[in-house]
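Here is the structure we will look at.
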Amino acid sequence: MAEDDEEDVFLFKEALTDLKVDLNLQVVSNGMELMKILEELEVFPEFIFLDLNMPLKNGMRCLEEIKGNQRWKDINVIILSTSSHPDQMKAAYDKGADFYMVKSSDYTDLKNSIASCLQKEWP
Amino acid sequence: MDIFLQNLRSRTAPQHSLLEQTTASKNLLALQVTAADYATYLSLLYGFVKGFEQIVFPLLQHSITDIEERRKTHLLVSDLNMLGIDEAGIATIPEQFFAEVYHSNATALGGMYVLEGSVLGGAVINKHLQKTLGTEAIAGKANYFTVYGSETGSKWKGFLAPFCLAASGMEEEVIESASQTFSILHQWFGNTSFQLTNHES
């Protein structure tokens, strides 16, 4: 998970625990760190939960690099964003995002969104 | 592909914003939205989507091969019925066909891009309606906006690939048509003069 907001990370972890989802979650706080870790990995994660608004390298740049790289392009990238504007969603999907999750301040909403995302039939 | 889509988004953005400023759009997203506001919004969509699917979809059968699965008029009818608008009420909704606008593959593709994109934010609208009108009040009445569910992203990406392929070589005309479609919808959504009948609320 690439997310610089500690509260969002906390709530996300809480939701995973409540949903009894067994994920080995690794958290980084900016895009540079995410790309550095990906470079070092030999086995890639099944999912990357990617915040769009991050320091050093934003989520959209990371998305471009991940989906433009033969080794990483099959990783499922789930965008996390406060924006629900269709143009923002289109931009993310155009760049290859696999799922777009609108961040919610409501914990139940957040849990439902994560559940809906993980229940989806992934390729 | 990416540059074309980027151009398409940026060049249609002003018209897209205008559409969001119409009374019908603002009412839908307001905290004090009513079931009648929602029904009005769906009716306006119905008035455009029905004709578009009848006239324009056949033009795109060869380029967007799963286009039949993307029909949504029946979902609008079902949502309106559930909101208390019966067939007689639906028959009073004004319709537009715009056959003169969508006269070629390129113009049809531009319109289709706008229409298919209209459900991208559907989950958020559904959530808003659940919060404002109540989960039970909206149950079974948001089939249009939740048409693809968790497959929304996959369906959009599944549309973009054949769309870009078909648009190749006529990008400018497609962008013009998408832009014109937003303008048509802006004008159309400004048309709130008709009265829906059989409202529950």
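Here is how names work: the chains are called A, B, and so on, in the same order as the sequence lines, proteins then strands, and each is numbered from 1.
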Is the count of non-hydrogen atoms from other residues, nucleotides or ligands lying under 6.0 Å from [X] atom [atom1] greater than 12?
| X | atom1 | answer |
| --- | --- | --- |
| B:Glu68 | CD | yes |
| A:Glu40 | CD | yes |
| A:Arg61 | CZ | no |
| A:Lys13 | NZ | no |
| A:Asn58 | CG | yes |
| A:Glu7 | CD | no |
| B:His62 | NE2 | no |
| B:Met170 | CE | yes |

Between A:Asp106 and B:Lys127 (salt bridge meaning N to carboxylate O under 4.0 Å), is one present in this structure?
no

Less than 4.0 Å between a side-chain N and a carboxylate O, is that true for B:Lys157 and A:Asp94?
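Salt bridge between A:Asp94 and B:Lys157, a charged N being under 4.0 Å from a carboxylate O: no.
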
Quick check on B:Gln130 against chain A: is it the side chain, the backbone, both or neither that has a heavy atom closer than 4.5 Å?
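Neither part.
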
Bottom line for B:Ala123: the part with an atom under 4.5 Å from chain A's heavy atoms is neither

Return the [atom1] to [atom2] distance between [X] and [Y], rounded to the nearest 0.5 Å.
| X | Y | atom1 | atom2 | answer |
| --- | --- | --- | --- | --- |
| A:Lys95 | B:Leu5 | NZ | CG | 9.5 Å |
| B:Trp156 | A:Lys90 | CH2 | NZ | 5.0 Å |
| B:Arg9 | A:Gln88 | CZ | CD | 9.0 Å |
| B:Glu151 | A:Ser116 | CD | OG | 9.0 Å |

So A:Phe99 and B:Ser154, do their side chains get closer than 4.5 Å, heavy atoms only?
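Not in contact.
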
Would you say the side chain of A:His85 lies within less than 4.5 Å of the side chain of B:Leu120, judging by non-hydrogen atoms?
no

Can you say whether A:Ala92 sits under 4.5 Å from chain B via the side chain, the backbone, both, or neither, judging by heavy atoms?
neither

